[in-house]
Amino acid sequence: MPFDPACLDPDLGAAEFTILRKTWSSRSGVPQLIDLEIIHAGGIVHPADPVRLDLLPEEGRHEPVILIHSTEPLSLGKQDGEVWIAPDEIRWEEKLYRVFQLRPWEVYGFWKGWAVEI
């Protein structure tokens, strides 16, 4: 089902964002991008709370982290031999974030994820 921006309520923090899903392969030990899927999505996006930031490694605590509630499935990536899908990247408000933690709540119709700015 295509994303419908009319369903977003800005009073709830709802926003449009883009999910970049990259597939890589290793040829002679050199990673090569073999596919880029661009998904237009929407959901509620907020800065992450301080408790969540405490769970990050020290080097990640200095970068902005967002909390996303998305109706579009999010991915932490996966590997299949010499081909792998990287964790989703989220483009929101002209910045790029990488998903590092997910809570799949598809039974409720959304995915909850945290992403750090890259």
Roughly how far apart are Phe100 CZ and Ile118 CD1, rounded to 0.5 Å?
12.5 Å

Per-pair distances, 0.1 Å, donor-acceptor, side chain in residues 89-99, under 3.5 Å, sequence neighbours excluded:
residue, atom, partner, partner atom, Å
Glu89, OE1, Lys22, NZ, 3.2

Test: side-chain hydrogen bond (donor to acceptor under 3.5 Å, both in side chains). Region: residues 74-86. Which pairs qualify, not counting sequence neighbours?
none

Can you find a pair of side-chain heavy atoms, one from Ile85 and one from Arg21, that are under 4.5 Å apart?
yes

Kindly compute the distance separating CG (Asp35) from CH2 (Trp24), expressed to the nearest 0.5 Å.
11.5 Å

Inter-residue atom distance Glu37.CD - Thr23.OG1, 0.5 Å rounding
7.5 Å

Not counting sequence neighbours, which residues clear side-chain contact (heavy atoms from CB on, under 4.5 Å) with Pro104? List them please.
Glu106, Trp111

Between OG1 on residue Thr18 and CD1 on residue Ile39, distance to nearest 0.5 Å
10.0 Å

With a 4.5 Å cut-off on side-chain heavy atoms, are Leu20 and Asp88 touching?
no

Is there a side-chain contact between Trp114 and Leu102 in this structure, where contact means two heavy atoms from C-beta onward sitting under 4.5 Å apart?
no

For the atom pair CD (Gln101) and CG (Leu67), what is the distance rounded to the nearest 0.5 Å?
10.0 Å

What's in the same ILVMFWY side-chain cluster as Trp105, cut-off under 4.5 Å, chained through other members?
Val107, Tyr108, Phe110

Other cluster members, Val83 - Ile/Leu/Val/Met/Phe/Trp/Tyr, side-chain contacts below 4.5 Å:
Ile34

Please answer whether the main-chain N or O of Glu72 pairs with a side-chain N or O of Ser70 as donor and acceptor at a distance below 3.5 Å.
yes

Output the distance between atom CD1 (Ile44) and atom OG1 (Thr71), rounded to the nearest 0.5 Å.
10.0 Å

